[in-house]
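What follows is one structure encoded as structure tokens, with my remarks underneath.
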Amino acid sequence: MAIKEKETVGKILYTQEQIYERVEELAREIEKDYEGEELILLCTLKGAVVFMADMMKAINLDTMIDFIAASSYGSGTSTSGFVKVTKDVTMDLYNKNVLIIEDIVDSGTTLKFLKEYLQDRNPKSVKIATLLDKPARRTADVTPDYVGFTVDDLFIIGYGLDYDQRYRNLPYISYLDN
Ligand code: IMP
Ligand code: MG
């Protein structure tokens, strides 16, 4: 029986320093757009936790945080197109500005579902900030409002993003190189 070859990590696409710089730019934009407003930063688990930690420290506004988990992927690298909320929001979103903090928008299936799901709570607004955007694979009609970096059609790992739950801890953004 053949032993499964371990996948290899590609080159570094974005270093931690480059990510910090971009996070500061996004934070200034967000501060301007929500000036004088309250904001709930809603982190999508698990992939966005690293980006969330950076963003929540960088954004100088009256913010609160919450978490939601939705899954559309099984294990592996392709989407199932089916989304399920596995951990729900705990805060009351009524009349609140909600900024979804996402790791990557790929097909857009998850975000489109989440945006509609959150609209049912009658928030004041729902916008999306994503660390990465992979527009080549978009099938759902959803556009992120704030994008860290636009990436090519690669399977991205690191800085929160996983392949089969691994590589989330890499302190930079890379890709699977097979
Ligand atoms: P969607 O296809 O936009 O619904 O993507 C859903 C989720 O799949 C994202 O939030 C990620 O957690 C995961 N995902 C999509 N593309 C990648 C990738 O390149 N690397 C790791 N996870 C990914
Ligand atoms: Mg995700």
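In this text, all values refer to a predicted model and were calculated from it rather than measured experimentally. Both counts, for ligands and for their atoms, begin at 1 and track the order of listing.
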Compute the minimum heavy-atom distance from Leu154 to ligand 1 and say whether it is under 4.0 Å.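 Yes, Leu154 has heavy atoms under 4.0 Å from ligand 1.
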
Are any of the heavy atoms in Asp162 under 4.0 Å away from ligand 1?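 Asp162: in contact with ligand 1 (<4.0 Å).
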
Pairing donors with acceptors under 3.5 angstrom, does anything connect the side chains of [X] and [Y]?
| X | Y | answer |
| --- | --- | --- |
| Thr90 | Asp66 | yes |
| Tyr175 | Asp152 | no |
| Asp133 | Thr150 | no |

Please compare Asp103, Asp106, Ile173 and report which has the shortest non-hydrogen distance to atom 5 (O) of ligand 1.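 Looking at heavy atoms only, the winner is Asp106.
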
I'd like the name of whichever of Val105, Leu161, Thr110 reaches closest to atom 4 (O) of ligand 1 through any heavy atom.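 Heavy atom nearest to atom 4 (O) of ligand 1 belongs to Thr110.
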
For ligand 1, find out whether one of its N or O atoms is nearer than 3.5 Å to an N or O atom of Gly108.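 There is such a contact, yes.
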
Could an N or O of ligand 1 be found under 3.5 Å from any N or O of Ile156, whether backbone or side chain?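 The answer is yes, given that Ile156 and ligand 1 share an N or O pair closer than 3.5 Å.
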
Between Phe149 and Tyr14, is the gap from one ring center to the other below 6.0 Å?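 Yes - the distance between ring centres of Phe149 and Tyr14 falls below the 6.0 Å cut-off.
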
Centroid separation under 6.0 Å, is that true for the rings of Phe113 and Tyr117?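 Between Tyr117 and Phe113, the centre distance is under 6.0 Å.
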
Only heavy atoms of [X], strictly under 4.0 Å: list the atoms of ligand 1 that pass.
| X | result |
| --- | --- |
| Thr109 | 3 (O), 4 (O) |
| Glu102 | 10 (O) |
| Ser107 | 1 (P), 2 (O), 3 (O), 4 (O) |
| Ile104 | 9 (C), 10 (O), 11 (C), 14 (N), 15 (C), 16 (N), 17 (C), 19 (O), 23 (C) |

Can you tell which of Ile40, Leu118, Ile68 makes a side-chain contact (heavy atoms from CB on, under 4.5 Å) with Ile100?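 Result for side-chain contact (heavy atoms from CB on, under 4.5 Å) with Ile100: Leu118.
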
Among Thr63, Asp62, Asn95, which residue meets the side-chain contact (heavy atoms from CB on, under 4.5 Å) test with Glu38?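 Between Glu38 and the candidates, side-chain contact (heavy atoms from CB on, under 4.5 Å) is satisfied uniquely by Asp62.
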
Where's the contact between Lys134 and ligand 1, heavy-atom distance under 4.0 Å: side chain, backbone, both or neither?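 Lys134 to ligand 1: side-chain contact only, backbone stays beyond 4.0 Å.
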
Between Lys124 and Glu37, does at least one N-O distance fall below 4.0 Å, as a salt bridge requires?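 Answer for the salt bridge query: yes.
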
